[in-house]
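Per chain, numbering begins at 1; letters A, B, ... match sequence-line order. Keep in mind that what you see is a predicted model, and the values were worked out from it rather than measured.
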Number of protein chains: 2
Amino acid sequence: MVSTSAFARSAALVGDPARANMLAALMDGRALTAKELARAAGVTPQTASGHLARLTEGGLLAVEQQGRHRYHRVASASVAHMLESIMSVAAECGGVARGKPISVGPRDKALRHARTCYDHLAGELAVRLADKLIERGHVDFSADGGALTPEGATFLIALGVQFEAKSSHAASGRGSRLFCRPCLDWSERRSHIAGAVGAAICQCCLGHGWVKRLDGTRAIEVTPAGRRGFASAFDLFIEN
Amino acid sequence: MVSTSAFARSAALVGDPARANMLAALMDGRALTAKELARAAGVTPQTASGHLARLTEGGLLAVEQQGRHRYHRVASASVAHMLESIMSVAAECGGVARGKPISVGPRDKALRHARTCYDHLAGELAVRLADKLIERGHVDFSADGGALTPEGATFLIALGVQFEAKSSHAASGRGSRLFCRPCLDWSERRSHIAGAVGAAICQCCLGHGWVKRLDGTRAIEVTPAGRRGFASAFDLFIEN
DNA sequence: CCGAAGCTTCGGTCGCGGCCGAAGTATCCT
DNA sequence: AGGATACTTCGGCCGCGACCGAAGCTTCGG
């Protein structure tokens with residue numbers, strides 16, 4: 001039995017304000033150092049170190065050492081998905097202190113429009129992009145949890161999307177990362193593209209300068225070049 | 001901005017062992033009384049009452065009063081989805097105390113095979129059922145976050161599936177409940193059918209006696225009648 | 001080899017929150 | 001009415017864990 005205590009433990013790790021701030025800062029998929037995370041959480045490095053140890057031990061974060069720096073990142077896509085789903089609930093029920101209809105700030109608006117979700121694109125932009133790819137038969141979400149069709153692969157490669165060559169590790173059973181997986185978008189309530197394909201598309205868009213990250217948040221902005229690019233490549237027209 | 005403190009608060013509510021046990025007990029979509037939940041959590045009724053008040057205040061539970069009984073249930077499908085995603089992470093990283101390959105108990109096996117997820121079917125059974133319906137063109141997950149086709153509606157109604165007649169409330173914007181939504185299955189890593197259609201199918205299967213709940217868990221069992229029913233209605237053959 | 005930087009470990013303080021016993025309120029039954 | 005049941009509120013106890021200061025460890029640069 002997956003003990004309910006493991007269930008509580010995972011949630012408790014996210015439940016501390018300092019750790020929640022750290023996780024929120026890591027939600028864009030980047031790897032940050034302990035000091036940066038301490039700043040983000042508003043605590044001293046010692047305290048942050050303790051929290052990071054717990055998060056790593058609990059399987060929520062993975063750490064990579066480079067010289068005297070230790071880079072922390074979200075451990076897996078399923079952890080990122082869990083964090084997104086908690087955010088979704090918090091957004092729904094969090095602000096109802098006095099029945100107010102959840103005033104949505106401009107910050108929120110930007111997040112709803114386009115953001116990163118761990119390592120792939122999310123928000124309205126990503127959902128519309130997924131729609132286009134499905135419409136053209138490049139991606140199929142109805143089959144076996146999501147698949148990239150041969151035509152889709154050809155199309156994306158021609159566009160400059162580079163997929164990981166890690167097929168050796170990809171064969172390691174059902175625990176391995178799904179190639180092209182639907183991911184339910186918390187703001188749009190519809191699926192966008194996650195998995196290796198989603199990550200590669202995101203990298204491609206960043207590489208082409210079509211989108212760029214906004215300051216220290218998960219929100220992203222579509223550049224003028226991006227508007228042209230999305231229009232010509234995907235027949236997708238972004239307003240604003 | 002959806003404050004990160006709301007984020008932490010939602011997670012912290014799930015993070016307490018007693019509350020986690022209560023939520024786990026409610027994951028099958030039933031509504032339970034405070035006393036039953038106190039037993040499930042292993043605490044006294046007073047303590048349980050306090051926890052339930054917090055969970056309700058936090059928007060995770062909804063409560064319905066009937067005479068001197070107060071029935072508590074999971075507040076929404078998105079909350080149920082959050083709980084499933086936390087379980088998913090807990091199942092992955094929870095048992096790795098000593099690198100052991102997560103020994104899967106018989107209880108777990110039953111859960112993986114067939115269970116309820118809030119108000120609809122989940123597990124291998126549900127995923128295979130979804131596959132069949134997609135294959136026949138009764139359900140379409142590629143369109144607009146999931147849709148029931150006209151043929152699908154005809155087929156299900158003929159089968160005795162009864163949909164809610166709440167179309168008045170269903171018109172209340174995008175926040176309203178999706179009619180037929182894909183829900184990523186944590187054990188199978190593939191989508192099954194959620195939303196109103198998923199709930200109606202689950203009700204139908206229970207009503208026909210095709211499946212029945214096992215004692216106090218979320219696991220369900222396919223009856224002999226169910227094996228015949230799934231085979232004739234969906235061309236779906238259940239072993240074991 | 002020395003100092004600085006990044007991070008962790010240790011030790012001690014302190015406050016939040018879980019827990020229960022007892023008492024209070026509401027509802028049902030006869 | 002009287003008693004039983006379901007649940008909540010109040011008050012006090014207690015322990016876990018978050019936090020920081022100080023000290024230790026490792027790596028990098030000169």
Side-chain angles (χ1 to χ4, degrees), chain A residues 3-26 30-73 75, chain B residues 3-26 30-73 75 94 97:
Chain A
S3 71
T4 62
S5 77
F7 177 47
R9 186 149 27 91
S10 294
L13 284 173
V14 189
D16 177 78
R19 287 194 292 261
N21 282 322
M22 291 179 178
L23 291 168
L26 289 169
R30 286 177 305 179
L32 300 178
T33 66
K35 200 179 185 181
E36 291 168 321
L37 288 168
R39 263 186 60 84
V43 295
T44 60
Q46 311 92 290
T47 304
S49 175
H51 285 309
L52 291 169
R54 287 167 189 276
L55 288 168
T56 305
E57 157 98 12
L60 298 197
L61 294 186
V63 58
E64 206 168 337
Q65 186 135 10
Q66 270 182 28
R68 59 179 165 183
H69 296 275
R70 302 192 66 181
Y71 291 98
H72 300 266
R73 60 178 178 78
Chain B
S3 72
T4 61
S5 76
F7 175 48
R9 187 148 27 90
S10 295
L13 285 173
V14 189
D16 177 78
R19 287 194 293 262
N21 283 322
M22 291 179 177
L23 291 169
L26 289 168
R30 285 177 305 179
L32 300 179
T33 66
K35 200 179 185 180
E36 291 167 319
L37 288 168
R39 260 187 60 84
V43 294
T44 60
Q46 312 90 291
T47 303
S49 175
H51 284 310
L52 291 169
R54 287 166 190 275
L55 288 168
T56 305
E57 157 96 13
L60 298 197
L61 294 186
V63 57
E64 207 169 334
Q65 186 136 10
Q66 270 181 27
R68 61 180 163 178
H69 295 275
R70 302 192 67 185
Y71 290 98
H72 300 267
R73 60 176 178 80

Side chain of A/Gln46: nearest nucleotide among D/dC7, D/dG21, D/dC19?
D/dG21
Given side chains that start at C-beta, do those of B/Arg19 and B/Arg54 come closer than 4.5 Å, heavy atoms only?
yes
When you check the phosphate oxygens OP1 and OP2 of C/dG18, does a side-chain N or O of B/Arg54 lie under 4.0 Å from one of them?
yes
Please check: side-chain N/O of B/Arg39 versus main-chain N/O of B/Ala34, any donor-acceptor pairing under 3.5 Å?
no
Under 4.0 Å between a side-chain N or O of A/Ser49 and OP1 or OP2 of C/dC7?
no
Respond yes when some side-chain nitrogen or oxygen of A/Thr44 is under 4.0 Å from OP1 or OP2 of D/dC19, and no when none is.
no
Whole angstrom is fine here: how far is it from CG in B/Leu52 over to C1' in D/dT8?
11 Å
Using atom NE2 of B/His69 as one end and atom P of D/dA4 as the other, report the distance to the nearest whole Å.
17 Å
Could you give the distance from NE2 (A/His72) to CG (A/Leu23), rounded to the nearest 0.5 Å?
12.0 Å
Quick one: A/Arg39 CZ to C/dG6 P, roughly how many Å, whole number?
13 Å
For atom CG of A/Leu55 and atom P of D/dG17, their distance in whole Å:
14 Å
Student check: side-chain heavy atoms of A/Leu60 and A/Val14 closer than 4.5 Å:
yes
Can you identify which nucleotide, out of D/dA6, C/dA4, C/dT8, has its nearest atom closest to the A/Pro45 side chain?
C/dT8
Residue pair B/Arg73 / B/Leu61, side-chain heavy-atom distance below 4.5 Å:
no
A/Glu64 has an atom CD; how far is it from atom P of C/dG6, in whole Å?
19 Å
Considering just the side-chain nitrogens and oxygens of B/His51, establish if one lies under 4.0 Å of OP1 or OP2 belonging to C/dC19.
yes
Looking only at D/dT27, C/dC7, C/dC19, the nucleotide nearest the A/Thr33 side chain is C/dC7
Atom OH of A/Tyr71 to atom P of C/dG6: distance rounded to whole Å?
10 Å
Can you tell me if B/Glu36 and B/Thr33 form a side-chain donor-acceptor pair at under 3.5 Å?
yes
Let's see if you get this right: which residues in residues 11-23 of chain B place a heavy atom under 4.0 Å from DNA chain D?
none
Over how many whole Å does the gap from A/Leu37 atom CG to C/dT8 atom P extend?
11 Å
Closest to the B/Arg68 side chain, choosing from D/dT27, C/dC7, D/dA6
D/dA6
Intermediate values then yes/no, side-chain contact (heavy atoms from CB on, under 4.5 Å), A/Leu52 and A/Val63
CA-CA 9 Å; A/Leu52 291 169; A/Val63 58; over 6 Å; no
B/Glu36 CD to D/dA6 C1': how many Å, rounded?
11 Å
Does a nitrogen or oxygen in the side chain of B/Thr47 sit under 4.0 Å from OP1 or OP2 of C/dC20?
yes
Name the closest nucleotide to the A/Arg70 side chain, picking from C/dC19, C/dT8, D/dC20.
C/dT8
Just by distance, do the side chain of A/Ser49 and the backbone of A/Pro45 share a donor-acceptor pair under 3.5 Å?
no
